[in-house]
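Atoms within each ligand, like the ligands themselves, are counted from 1 in listed order. Just so it is clear, the model here is predicted, and its values are computed rather than measured. Side chains included, hydrogens not; waters and symmetry mates left out as well; all remaining heavy atoms used. Residue numbers start at 1 and run along the sequence shown.
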Amino acid sequence: MKNKIDTGKISRNALCPCGSGKKYKRCCLNPPASTQPSNLQYAKKHKIRIKTPEQIEGIRRAGRLVMDTLELVAPHIRSGMTTDEINTMVHDFTIQHGAIPAPLNYRGFPKSVCVSINEVICHGIPGNRSFKDGDIVNVDVTSILNSYYADASKTFLVGNPGADALKIVNVCQQCLSEGMAVVKPGNTVGDIGYAIQSYAESQGCSVVREFVGHGVGIDFHEAPQIPHYGRSGSGVRLVPGMVFTIEPMINLGKKELVILDDGWTAVTKDGSLSAQFEQTLLVTETGVESLTSYSLKP
Ligand code: MF3
Ligand code: CO
Ligand code: CO
């Protein structure tokens with residue numbers, strides 16, 4: 001028993017006997033759940049990476065660039081602007097900041113950002129389509145900075161939106177908020193989907209099934225998948241250090257979609273409006289921290 005550290009007599013504020021140089025209470029007295037072997041094993045079984053503090057800082061930096069990019073384009077989502085002009089702005093800004101636009105050449109995607117108007121659910125390819133008064137426009141930015149990925153999107157309103165546009169954008173924003181509210185250790189991926197689906201359907205809207213949130217950070221798309229529908233208590237348990245997106249795609253009409261001949265553009269089958277909001281989220285010891293934080297108004 002010679003080497004066993006007797007923790008009984010150490011004061012909480014004393015230096016930790018492990019030699020870390022930190023206070024005992026900030027170190028071995030309360031080891032972070034993200035370093036507990038049982039949690040690391042659980043994540044590994046599900047092929048989920050628990051991010052280290054260094055990796056989290058890298059993703060946070062990439063996240064700041066993504067948010068700066070969304071702020072840069074926001075005032076340009078105006079009537080007459082084309083989706084290609086948004087692409088050029090995102091591309092140039094990303095490169096100027098020493099980063100890489102992740103969509104470019106990703107599985108053959110030809111542009112640097114996804115821009116999805118009205119009935120386009122996601123993966124809109126920038127081109128010569130221009131914005132019209134009353135449109136809703138999702139801009140989805142993913143940047144790779146120092147090898148770390150962050151992914152976020154917002155749906156903007158062009159000019160004077162009608163009642164339908166306002167409704168789907170507000171419902172979708174609230175869906176992301178409802179999903180984030182249940183992100184904490186011990187809750188499950190199913191709790192997130194349930195929270196989002198319940199709210200969307202209570203408002204008479206529908207949840208797209210074919211695209212889901214995803215682990216992110218070291219790669220563009222990692223485990224786990226985060227469906228925006230589901231049963232509470234089902235699926236993988238959330239563990240501190242997990243980083244994933246929640247990115248609900250919510251339709252004003254029915255949930256079904258069609259993929260256009262370009263192989264990417266997903267549109268609502270019934271032609272109804274579709275909105276999306278996405279943030280990159282860290283599961284903390286007590287809840288959630290957004291690494292691409294923007295306000296989701298009530
Ligand atoms: N940013 C999208 C997501 O949220 C993925 C776009 S893939 C692309 O997961 F190739 F279309 F860019
Ligand atoms: Co994403
Ligand atoms: Co995205």
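Atom numbering of ligand 1 starts at 1 in the shown order; those under 4.0 Å from a heavy atom of Thr142 are 1 (N). The contact set between ligand 1 and His221, taken as ligand atoms under 4.0 Å from a residue heavy atom, comprises 3 (C), 5 (C), 9 (O). Residue Glu247 has at least one heavy-atom neighbour below 4.0 Å for each of these atoms of ligand 1: 3 (C), 4 (O), 9 (O). Atom numbering of ligand 1 starts at 1 in the shown order; those under 4.0 Å from a heavy atom of His123 are 5 (C), 6 (C), 11 (F). The distance from ligand 1 to the heavy atoms of Pro103 drops below 4.0 Å at these ligand atoms: 12 (F). Within ligand 1, counting atoms from 1 as listed, the ones closer than 4.0 Å to a heavy atom of Asp151 are 1 (N), 3 (C), 4 (O), 9 (O).
Criterion: ILVMFWY side-chain heavy atoms under 4.5 Å apart, direct or through other members. Under it, Val212 and Leu176 are not part of a common hydrophobic cluster.
Neighbouring protein atoms of the Co ion (ligand 3) (N, O or S, distance under 2.8 Å, waters ignored): Asp140 OD1, Asp140 OD2, Asp151 OD1, Glu278 OE1.
Taking a cutoff of 4.0 Å between a charged side-chain nitrogen and a carboxylate oxygen, Lys111 and Asp84 qualify as a salt bridge. One finds a salt bridge joining Arg129 and Glu119 here, because a Lys/Arg side-chain nitrogen approaches an Asp/Glu carboxylate oxygen to under 4.0 Å. Salt bridge annotation for Arg49-Asp219: present, with a cationic side-chain nitrogen under 4.0 angstrom from a carboxylate oxygen.
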Run the side-chain donor-acceptor check on residues 37-45: report pairs under 3.5 Å with partners two or more places apart or on a different chain.
from  : atom 1 : to     : atom 2 : distance (Å)
Asn39 : OD1    : Arg237 : NH1    : 3.4
Asn39 : ND2    : Ala33  : O      : 3.0
Tyr42 : OH     : Arg237 : N      : 2.8

With a cut-off of 3.5 Å and sequence neighbours excluded, list every side-chain donor-acceptor pair involving residues 11-19.
from  : atom 1 : to    : atom 2 : distance (Å)
Ser11 : OG     : Asn13 : N      : 3.2
Ser11 : OG     : Ala14 : N      : 3.3
Asn13 : OD1    : Lys25 : NZ     : 2.8

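In this structure, the protein non-hydrogen atom closest to atom 7 (S) of ligand 1 is Tyr106 CD2, 3.8 Å.
The shortest heavy-atom distance from Phe220 to ligand 1 is under 4.0 Å.
For ligand 1, the polar-atom distance check finds an N/O of His214 within less than 3.5 Å of one of the ligand's N/O atoms. Inclusion of Glu278 in the set of residues having an N or O under 3.5 Å from an N or O of ligand 1 is warranted. Checking only distances, Asp140 does come within under 3.5 Å of ligand 1, N or O to N or O.
Neither the backbone nor the side chain of Ala102 has a heavy atom within less than 4.0 Å of ligand 1.
When atom types are taken as modelled, the side chain of Thr188 and the backbone of Ser234 share a donor-acceptor pair closer than 3.5 angstrom.
Among the candidates Glu222, Glu57, Glu289, the single residue satisfying the salt bridge (Lys or Arg N to Asp or Glu O under 4.0 Å) test with Lys51 is Glu222.
The cationic atom of Lys154 (NZ for Lys, CZ for Arg) lies less than 6.0 Å from the six-membered ring centre of Tyr294 and within 45° of the ring axis.
Residues Ile246 and Met180 come closest through the heavy atom pair CD1-N, 4.0 Å.
At a cut-off of 2.8 Å, His214 is counted among the residues with an N, O or S atom near the Co ion (ligand 2).
In this structure, Ser79 OG and Lys132 NZ are separated by 8.5 Å, a value rounded to the nearest 0.5 Å.
The list of ring-ring contact (aromatic ring centres under 6.0 Å, His included) pairs with a residue in residues 221-242, not counting sequence neighbours, reads Tyr106-His221, His214-His221.
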